[in-house]
Protein chains: 2
Amino acid sequence: MIQRYVYGHPLPTDAVVRDLPVLPGDPDGLTVTQNAPAVTFSMKLEEDDLVFGLGETIRGINKRGHIYRSWNLDEVMHTEDRQSLYGAHNFLVITSGKRTFGLFLDDPGEVTWDLGATRLDRMDITSCNGNLSLYVITGRTPRAVCHEFRGLIGSSYLPPYWAFGYIQSRWGYGSSEDMHNVIHEHRSRGIPLDGVCLDIDYMDHYRDFTWDTDKIPDLPGLVADMRSQDIHLIPIIDAGIPADPSDPASEDGVRQDTFVKREDGTLFRAAVWPGLSYFTDYLNTRARTWFGSLYRPMLEAGIDGFWNDMNEPSLFYSPEGMQAAYAVADELRGKNLANDDNWKLQSSFGSLASSRKDYQSFYHDLDGLRVRHDKVHNLYGFGMSRATMDGMHAFDPDRRFLLFSRSSYIGAHRYAGVWQGDNRSWWAHLKLNLQMLPSLNMCGFLYTGADIGGFGNDATEDLLLRWLELGIFTPLMRNHSALHTRDQEVYRFSIWEHMKNIITVRYALLPYLYSEFMKAAREDDLMFRPLAFDYPHDEIACQTEDQLMLGNECMIAPVCQQNATGRIVYLPEDMLLVRLRAYNDMDVEPLKKGHHWVPARLHEALLFIRRGCVIPFAAGKTESTVGLKDHPLYLIGWDPQAEGYTLYEDDGITYREGSFRVLIPSDLPDSVFAEGEAT
Amino acid sequence: MIQRYVYGHPLPTDAVVRDLPVLPGDPDGLTVTQNAPAVTFSMKLEEDDLVFGLGETIRGINKRGHIYRSWNLDEVMHTEDRQSLYGAHNFLVITSGKRTFGLFLDDPGEVTWDLGATRLDRMDITSCNGNLSLYVITGRTPRAVCHEFRGLIGSSYLPPYWAFGYIQSRWGYGSSEDMHNVIHEHRSRGIPLDGVCLDIDYMDHYRDFTWDTDKIPDLPGLVADMRSQDIHLIPIIDAGIPADPSDPASEDGVRQDTFVKREDGTLFRAAVWPGLSYFTDYLNTRARTWFGSLYRPMLEAGIDGFWNDMNEPSLFYSPEGMQAAYAVADELRGKNLANDDNWKLQSSFGSLASSRKDYQSFYHDLDGLRVRHDKVHNLYGFGMSRATMDGMHAFDPDRRFLLFSRSSYIGAHRYAGVWQGDNRSWWAHLKLNLQMLPSLNMCGFLYTGADIGGFGNDATEDLLLRWLELGIFTPLMRNHSALHTRDQEVYRFSIWEHMKNIITVRYALLPYLYSEFMKAAREDDLMFRPLAFDYPHDEIACQTEDQLMLGNECMIAPVCQQNATGRIVYLPEDMLLVRLRAYNDMDVEPLKKGHHWVPARLHEALLFIRRGCVIPFAAGKTESTVGLKDHPLYLIGWDPQAEGYTLYEDDGITYREGSFRVLIPSDLPDSVFAEGEAT
């Protein structure tokens with residue numbers, strides 16, 4: 001059941017797809033405190049209350065014990081102390097032995113979530129502007145609450161089938177030659193590959209919707225050549241359009257009045273990659289349509305996937321901010337700077353990026369309603385995803401396109417996936433990758449994954465291999481890294497053959513993973529779940545932070561510790577351990593409920609299948625998802641008498657409904673089952 | 001056995017206390033590559049090689065899989081990617097089933113350690129200046145190698161007994177009133193306390209060896225008043241002396257020529273807290289003696305403990321660096337800054353601190369030998385510790401003083417302890433606190449601990465309590481936090497009684513902890529060891545990263561995960577679980593070798609005692625270490641037939657040798673032993 005309460009004057013967000021009646025008064029169990037304009041919702045947290053949700057955030061699966069802040073930010077340091085990342089996903093579920101309910105604050109401005117941080121036993125959620133719809137969602141289980149919520153916010157974005165293939169990316173790729181090299185190095189070694197991303201360097205001076213014709217003389221030719229090898233080209237698009245009349249998009253946007261403005265009606269400018277730029281008013285329908293139309297020439301060149309970046313929006317500096325920094329520098333020039341003055345100078349330049357002051361200095365036109373940006377800040381990336389996907393569907397309404405975005409808000413999950421942002425080559429971020437999956441799923445973001453191997457800093461050989469062993473399970477499986485970091489393509493490492501073998505496991509698992517993804521999307525369900533969702537009465541399962549339920553049949557437990565030759569895995573029920581080395585190299589072992597030390601050498605990925613279940617596996621190796629069609633399936637499970645698996649299949653490219661096919665062990669003679677007794 | 005090899009022309013460091021003959025040629029098993037001036041020592045790493053050591057460094061107990069850099073740095077971000085912290089501890093031990101040996105590079109300049117990072121199977125250690133003594137230490141076990149090494153570098157610093165008590169600190173404490181408040185809040189609640197630190201705010205405008213007489217009108221009176229309550233005052237001293245003739249220390253240092261100079265003979269200046277400052281040449285005997293003498297007035301005021309900070313040395317900026325930053329700012333003023341120019345401007349001011357260029361611009365006088373700072377950079381903090389301790393011993397040669405330093409080099413362990421630097425209120429840093437203990441011990445630093453609760457960022461209630469549950473075992477047990485972070489004294493939190501109770505456990509354990517500390521110090525042994533040292537043939541023990549052996553009897557396994565009500569503990573042999581809640585509240589349970597889920601609620605600390613061992617515990621509660629003398633001891637162990645424990649005791653304040661006393665279960669009727677069968 002969903003109950004809706006309204007505070008202040010909520011702005012339209014399009015987060016939800018159902019218009020629920022507004023109930024009078026305040027929700028039961030929440031204390032509401034007005035401190036105009038802020039409004040705070042408070043509650044006592046019981047010792048056994050678990051808190052899940054908040055989508056893309058740092059820290060654990062259980063979100064208790066930190067202050068989070070919904071305020072979309074280009075954050076390069078995903079450390080424990082940070083409060084905000086790129087998305088604002090204002091939904092959480094509180095569950096214990098005694099109660100289970102969800103809260104969704106449809107509030108596009110700043111919201112803080114003190115979840116037992118200040119006091120262990122207290123939750124305070126504060127809407128800083130006090131204008132919101134509050135939805136209270138009850139259900140028998142956390143999964144049921146999420147299902148109910150997902151019905152409210154609408155069905156998740158569906159990527160094409162090829163988007164589940166392995167994707168190689170790097171900040172620095174910019175030319176046809178780069179693409180050819182990457183493809184050659186993969187194909188010549190038999191490393192499967194379905195897509196390659198272009199990062200900002202492909203553009204002409206970082207200008208959206210341009211490409212450097214010295215580096216890419218023939219874009220349609222390049223796309224066609226790649227497609228002939230079953231590889232898709234995925235260029236980046238940024239939120240800022242250079243404030244330069246010589247730039248066609250810029251000139252056109254100014255003429256068509258599609259950019260955000262300052263209070264005095266002049267165009268707002270701030271620097272991003274190309275220098276001072278304008279920012280499309282994605283909260284305006286006409287501007288969105290205009291921006292979406294800009295993708296058309298690239299779509300016509302054959303491109304069918306994009307990634308949208310810098311759409312928090314990230315701002316490097318505004319002219320006003322820069323002027324203020326220079327004023328500080330001028331004031332302090334030549335002085336002997338003790339403590340305070342030194343920090344004042346440092347922070348004058350150091351705090352220019354994405355400043356509050358700049359976000360307070362421009363306005364949106366919400367189809368007639370003028371709103372200062374900071375009141376609706378968290379909608380910006382959502383609007384860009386919507387503009388892009390609408391633009392792509394205007395080009396071809398029946399086709400599924402790949403789109404993933406850095407910034408998002410609930411509602412954006414209907415238009416695009418998200419990647420988990422600018423993480424680092426840290427073992428902690430391998431674990432964080434896992435921890436974000438269920439909370440993103442809860443908020444509707446099913447197509448997601450992190451930069452495998454880490455974006456910032458240098459990856460070691462073992463980190464990349466272990467990360468691939470998690471990445472084979474995430475819908476978006478992309479190896480991406482930053483300029484000036486160690487080259488991170490699989491073939492750069494001495495142990496590339498192990499990496500290749502693990503990627504072949506991804507492809508062998510794809511029939512299953514795609515089927516589970518589509519079931520979750522069709523049924524408003526979760527592909528990845530905390531163990532607490534499936535075993536709510538198991539105290540140990542409820543606090544397991546490095547394992548997840550995957551689909552209805554599996555559990556994953558990747559090795560997240562360097563130099564480990566195995567790990568402790570907690571089995572909340574009897575399961576079949578599947579130790580995977582390559583598409584055609586694995587062993588299985590039935591294990592009893594409880595803790596197990598599970599050996600997993602560096603080149604071995606772990607998967608666990610519930611006792612009564614089987615999952616399909618594709619036999620044979622392939623270079624891309626295209627080749628998968630030819631492969632027969634077999635089943636893996638504990639018991640040949642198991643009921644079988646219901647496989648969802650469709651054409652993978654249009655929105656036509658697919659079909660279900662029941663796979664029965666007795667029909668698939670090559671299937672693999674446990675031998676011997678469980679230990 | 002220790003073999004010494006020499007490369008280039010080593011500078012004197014005083015790291016070692018024995019002058020070993022130099023062997024010709026290169027050590028067996030290392031490939032030596034000259035790339036003038038650098039020299040690299042390379043070796044293949046076998047799959048089962050474990051690498052321990054490097055003292056104060058980030059990442060795991062096993063150091064494999066990262067590039068470390070010996071280059072003392074004021075580093076505020078202890079994240080996985082960083083290469084350097086505050087200390088340079090160039091000793092490591094490599095051990096596997098097949099071989100065990102240690103390497104010590106006595107090289108005061110920059111050294112890089114690629115320990116399987118670039119290639120999994122390769123170690124490359126590079127001395128950037130190529131002037132060093134390389135010691136190769138062999139032994140039957142890692143512990144034996146460490147023992148041998150410790151004999152080479154000399155006995156560890158001995159703090160007074162009271163320094164093992166609970167110490168409260170905060171950046172922001174500066175006045176007599178602050179001290180009185182902190183003491184009152186502890187004493188009135190019965191929270192034990194032995195020391196309170198003063199941070200930089202007590203000084204008159206951050207000038208060393210001054211105090212703000214508005215805030216502290218009567219320093220000797222304050223010290224005496226605190227001592228009457230059995231509490232010691234521990235002021236901070238920084239490395240920089242203000243470049244200001246009105247400052248007496250500054251004026252005297254200029255007159256006596258004790259500061260480092262630029263190439264042209266003028267005094268080197270760089271800004272730290274008080275603004276532009278001079279830096280004492282701690283590498284010069286005369287200057288060291290001079291600096292040590294500056295402590296005398298404060299010693300005469302009754303102070304018997306200090307902490308030395310900013311001695312990497314940390315430099316905020318040099319006038320030359322600042323001028324260059326302004327030049328960049330002037331060049332870019334008013335321009336539309338695209339990508340590269342924006343970063344150029346940001347980094348011009350953002351990279352002023354502790355820059356290489358500044359470290360290359362001044363010189364030391366090594367008692368007649370003029371050396372550019374960067375060649376001996378890592379000795380600076382060591383020299384300051386030595387100056388301080390020598391100064392204190394000049395004041396009273398028989399007395400043990402408390403001294404701990406931020407920066408260090410091997411050799412400094414003879415003069416002072418170290419704290420683990422400016423960590424953060426992160427759960428990851430609670431674990432990192434544990435992981436640094438054995439490597440610091442290996443390098444001689446026995447008196448150590450981290451800022452409990454974390455220095456930067458805001459601590460949550462549960463983080464501080466869990467951290468105290470580790471802190472009760474570390475020789476330095478200090479709660480410290482930064483300005484502008486959440487107040488972090490125990491009494492600020494709603495669950496302060498649990499925190500107090502855990503601190504009482506520390507005091508009850510002190511007879512044992514002090515005894516084990518002194519045994520380790522006297523015998524060149526380790527108080528904290530990786531499990532791999534004690535169970536080298538146990539594959540799981542060898543990769544355990546969140547447990548340690550403590551003394552000869554115990555193992556510790558703190559809870560490092562938020563919201564956990566217990567943890568998995570690996571027992572490499574049968575052990576007695578002791579679950580500690582207060583000095584008089586615990587339960588024990590015998591557990592069999594293997595993995596166990598051990599419940600540990602938020603207010604419960606875990607300790608494990610080996611099956612054949614007993615440890616002493618002090619009965620009764622106390623306000624400080626002084627009161628401990630009155631408490632009878634009892635024993636805790638598995639078996640009342642156990643052999644007993646040999647307790648080391650001394651006067652705790654002078655260097656007079658103490659005595660050993662064997663505690664026998666049958667003599668101590670209140671002793672606690674396991675009941676029932678092990679599970």
(message) Less than 4.5 Å to any heavy atom of chain A: does that hold for the side chain of B:N62, its backbone, both, or neither?
(response) both
(message) Using heavy-atom distances under 4.5 Å, tell me whether A:Q346 contacts chain B through its side chain, its backbone, both, or neither.
(response) side chain
(request) With rounding to the nearest 0.5 Å, note down the distance linking CG in B:L483 to CG in B:D199. (result) 8.5 Å
(request) Mind telling me whether B:W273 and B:Y206 have parallel, tilted or perpendicular rings, with 30° and 60° as the class edges? (result) tilted
(message) Just so I understand: if I count every heavy-atom pair under 4.5 Å between each of B:F316, B:W427, B:F493 and chain A, which residue has the most?
(response) B:W427
(message) Ignoring hydrogens, what is the shortest heavy-atom contact between A:A459 and A:G453? Give both atom names and the distance.
(response) CB-O, 3.5 Å
(message) Report which part of A:R82 has an atom under 4.5 Å of a heavy atom belonging to chain B: side chain, backbone, both, or neither.
(response) side chain
(message) Is B:R601 close to chain A through its backbone or its side chain, or both, or neither, when contacts mean heavy atoms under 4.5 Å?
(response) side chain
(request) Quick one: closest heavy-atom pair of B:S425 and A:E80, and the distance? (result) O-OE1, 4.4 Å
(request) Measure distances from B:I67 to the heavy atoms of chain A and classify the residue's part below 4.5 Å as side chain, backbone, both or neither. (result) neither
(request) Find the one option among B:L352, B:L463, B:T118 whose heavy-atom pairs under 4.5 Å with chain A are most numerous. (result) B:T118
(request) Specify the closest pair of heavy atoms between A:D74 and A:S314, including all atoms of both residues, with the distance to one decimal. (result) OD2-OG, 2.7 Å
(message) Looking at chain A, which one of B:L602, B:D458, B:D121, B:D330 has the largest number of heavy-atom pairs inside 4.5 Å, strictly under?
(response) B:D330
(request) Just give me the residue among A:M77, A:H66, A:H429 that pairs up with chain B most often, heavy atom to heavy atom, under 4.5 Å. (result) A:M77
(request) Please flag which part of A:S277 lies under 4.5 Å from any non-hydrogen atom of chain B: side chain, backbone, both or neither. (result) neither
(request) Counting only heavy atoms closer than 4.5 Å, note whether B:E461 contacts chain A via side chain, backbone, both or neither. (result) both
(message) How close do B:D114 and B:A117 get, counting heavy atoms only, and between which atoms?
(response) OD1-N, 2.9 Å
(request) With a 4.5 Å cut-off on heavy-atom pairs, point out which of A:R424, A:R59, A:M322, A:R486 contacts chain B the most. (result) A:R486
(request) State plainly whether the residues A:K431 and A:E545 are in salt-bridge range, i.e. N to O under 4.0 Å. (result) no
(request) Check whether A:Q323 gets within reach of chain B through its side chain, its backbone, both or neither, counting any heavy atom under 4.5 Å. (result) neither
(message) Counting only non-hydrogen atoms closer than 4.5 Å, does A:A329 touch chain B with its backbone (N, CA, C, O), its side chain (CB onward), both, or neither?
(response) both
(request) Measure distances from A:L332 to the heavy atoms of chain B and classify the residue's part below 4.5 Å as side chain, backbone, both or neither. (result) both
(request) Using a cut-off of under 4.5 Å on heavy-atom pairs, state which of B:T544, B:D81, B:L50, B:T79 scores highest against chain A. (result) B:D81
(message) Below 4.5 Å, heavy-atom pairs only: which of A:D462, A:N457, A:D341, A:I495 has the largest tally toward chain B?
(response) A:N457
(request) Taking only Lys NZ, Arg NE, NH1 and NH2, and the carboxylate oxygens of Asp or Glu, determine whether B:D546 and B:R567 approach each other closer than 4.0 Å. (result) yes
(message) Is it the case that the side chain of A:R64 and the backbone of A:F52 share a donor-acceptor pair, with hydrogens and angles ignored and the cut-off at 3.5 Å?
(response) no
(request) Determine, using ring centers only, whether A:Y317 and A:F349 are less than 6.0 Å apart. (result) no
(message) So for B:I568, is it side chain, backbone, both, or neither that comes closer than 4.5 Å to the heavy atoms of chain A?
(response) side chain
(message) For A:L345, which atoms come within 4.5 Å of any heavy atom of chain B: side chain, backbone, both, or neither?
(response) side chain
(request) Count the heavy-atom pairs under 4.5 Å between each of A:A243, A:A271, A:A428, A:G65 and chain B, then report the option with the highest count. (result) A:G65
(request) Heavy-atom pairs under 4.5 Å with chain A are the metric here; pick the option from B:G350, B:G334, B:A564 that has the most. (result) B:A564
(request) Inspect the contact between A:R207 and A:D247 and indicate whether a charged nitrogen and a carboxylate oxygen are less than 4.0 angstrom apart. (result) yes
(request) State, to 0.1 Å, how close A:L315 and A:V272 come at their nearest heavy-atom pair, and which atoms those are. (result) CA-CG1, 4.2 Å
(request) Select one option (side chain, backbone, both, neither) describing which atoms of B:S348 are under 4.5 Å from chain A's heavy atoms. (result) neither
(message) Using ring centroids (six-membered ring only for Trp), state whether B:F455 and B:W426 fall under 6.0 Å.
(response) no
